[in-house]
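A quick write-up on the structure given underneath.
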Number of protein chains: 2
Amino acid sequence: MRWEELDREPCSLARSLSIVGDRWTLLVLRECFLRVRRFEEFEQRLGIARHVLADRLKKLTDAGVLVKVPYQERPRREEYRLTEKGLDLYPVMLSLLDWGDKWMSGEEGPPVLRRHKACGKIARAVQVCSECGEPMGARDMTVELGPGAEGRELPPAAKAEGK
Amino acid sequence: MRWEELDREPCSLARSLSIVGDRWTLLVLRECFLRVRRFEEFEQRLGIARHVLADRLKKLTDAGVLVKVPYQERPRREEYRLTEKGLDLYPVMLSLLDWGDKWMSGEEGPPVLRRHKACGKIARAVQVCSECGEPMGARDMTVELGPGAEGRELPPAAKAEGK
DNA sequence: GAAAGTAAGTTCCCTTTCGGAACTGTTAGG
DNA sequence: CCTAACAGTTCCGAAAGGGAACTTACTTTC
């Protein structure tokens with residue numbers, strides 16, 4: 001399978017990955033969430049090759065995750081900001097951050113802490129059900145085909161569990 | 001920056017991405033969560049080049065995300081299973097799935113639905129604070145350097161907000 | 001007993017992508 | 001006029017990926 005076909009797969013994970021599933025995109029977005037907005041600042045903070053950065057910013061803009069906003073004329077200069085679609089990726093960032101904190105930090109502990117404004121405490125994210133509020137773990141769920149399934153097949157073991 | 005240096009960056013996102021941040025790894029893990037376990041079944045369901053699949057399975061096994069478990073002797077055959085560390089990636093899968101369902105499904109709706117065993121309903125995940133149980137959105141949080149920060153710098157705009 | 005099948009890789013070749021550095025275009029300031 | 005700032009673009013050699021054939025170690029079928 002080639003990469004350009006990924007956004008047409010009948011799978012929301014594949015479609016999400018067609019946008020954020022490469023080596024650099026989520027690191028660019030990390031900087032966006034930290035309020036970095038300009039080309040040079042992305043480049044300096046990330047150490048990314050400039051043409052790769054230009055390509056990623058263009059793809060994210062085309063996908064509606066970022067918008068280019070002019071911040072001066074003559075010479076015209078534009079900065080990149082998260083759209084609502086981009087801000088909606090925060091749960092993805094947060095779950096990757098929490099996993100990294102738990103499994104990839106050494107003795108020293110996590111490099112960056114996140115404080116919840118509402119309660120003032122350093123916090124992790126817990127995923128709960130949108131319907132009942134109870135926790136949602138890997139084995140608390142079953143899967144079934146939805147309306148947009150068109151040709152998608154679940155493997156036998158996953159189907160058996162849905163019964 | 002080269003890819004092999006990513007796991008030593010003082011950033012939990014970068015460290016997580018050093019394991020799951022490439023084009024194929026999360027799709028392999030999707031199949032794992034659907035209880036696919038054998039080389040040939042991964043290959044057939046994903047349409048991935050065999051040597052790329054072999055490489056990803058090895059890296060995931062080396063990282064402790066999957067384990068190889070023998071399921072027959074003569075000839076010895078092994079299958080791949082999620083470890084606790086691997087199962088802990090479920091929030092990452094779920095947040096990407098929910099984002100794809102919301103932003104990348106067409107008219108038809110999402111291709112696959114997830115049903116919460118506890119309440120029996122089709123459900124999304126909501127991220128709430130581990131400390132107070134209130135929702136955690138992108139702008140509900142501030143960041144600060146943690147014990148493992150060693151040289152990590154936050155951008156001026158993010159620091160200003162922490163004050 | 002030879003031929004074919006099965007599962008899990010490995011090897012090869014060719015194309016695409018990436019890292020790193022240099023170059024371009026536009027405008028401001030000295 | 002010369003230099004600097006910012007946002008790219010171009011070029012080259014190296015690395016990674018797609019696709020198909022080959023390998024190994026057995027079992028099953030003819």
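This is a predicted model, so every value here is computed, not measured. Labels below follow one simple rule: chain letters A, B, ... track the order of the sequence lines, proteins then strands, and each chain is numbered from 1.
Phosphate proximity of C/dG9 to B/R56: absent, as no side-chain N or O sits under 4.0 Å from OP1 or OP2. Residue A/K68 places at least one side-chain N or O closer than 4.0 Å to OP1 or OP2 of D/dG8. In terms of phosphate contacts, A/Y80 brings a side-chain nitrogen or oxygen within less than 4.0 Å of OP1 or OP2 of D/dG8.
What separates NE2 of A/H51 from P of C/dG20 is a distance of 11 Å, to the nearest Å. Atom CZ of A/F42 and atom P of D/dC6 are 15 Å apart (whole Å). For A/Q44 and D/dA5, the CD to P distance is 11 Å, given to the nearest whole Å. Rounded to an integer number of Å, the gap from A/L27 CG to C/dC18 P is 13 Å. Rounded to whole angstrom, the span from the CD1 atom of A/I48 across to the P atom of D/dG8 amounts to 13 Å. When rounded to the nearest whole Å, the span between CZ of A/F39 and C1' of C/dT24 equals 13 Å. For A/D55 and C/dT17, the CG to C1' distance is 10 Å, given to the nearest whole Å. Taking atom CG of residue B/D22 and atom C1' of nucleotide D/dA15, one finds them 14 Å apart after rounding to whole Å.
For the side-chain contact (heavy atoms from CB on, under 4.5 Å) criterion with A/V28, the lone passing option out of A/V52, A/V65, A/L60 is A/L60.
Atom CZ of B/R124 has 12 or fewer heavy atoms from other residues, nucleotides or ligands within 6.0 Å. The environment of CD in B/E144 is crowded: more than 12 heavy-atom neighbours from other residues, nucleotides or ligands sit within 6.0 Å.
In this structure, the nucleotide among C/dA21, D/dA7, D/dG19 sitting nearest to the side chain of A/E40 is D/dA7.
In this structure, A/E79 and A/W3 both approach DNA chain D, and ranking their closest nucleotides by distance from the 5' end singles out A/E79. Along DNA chain C, the nucleotide nearest B/R38 and the nucleotide nearest A/E4 are compared for position; the residue whose nucleotide lies closer to the 5' end is B/R38. Looking at which nucleotide of DNA chain D each of A/Y71 and B/W24 is closest to, the 5′-most match is held by A/Y71.
A cation-pi geometry, defined here as NZ or CZ lying under 6.0 Å from the six-membered ring centre and within 45° of its normal, does not hold between A/R77 and A/F39. Seen from the ring of A/Y90, B/R139 does not count as a face-on cation partner, given the 6.0 Å and 45° thresholds.
At least one donor-acceptor pair closer than 3.5 Å links the side chain of A/D140 to the backbone N or O of A/G137.
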Using the 3.5 Å cut-off, write out each protein N or O paired with an N or O of nucleotides 26-30 of chain C and the distance between them.
unit_1, atom_1, unit_2, atom_2, d
C/dT27, O3', A/R74, O, 3.1

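Evaluation of atom-type donor-acceptor distances gives a pair under 3.5 Å for the side chain of B/R50 against the base of C/dG9.
The closest side-chain donor-acceptor pair between B/W99 and A/D88, if any, does not fall under 3.5 angstrom.
Within the nucleic acid shown, B/E78 comes within 4.0 Å of sugar-phosphate atoms alone, with no base atom in reach, counting heavy atoms only.
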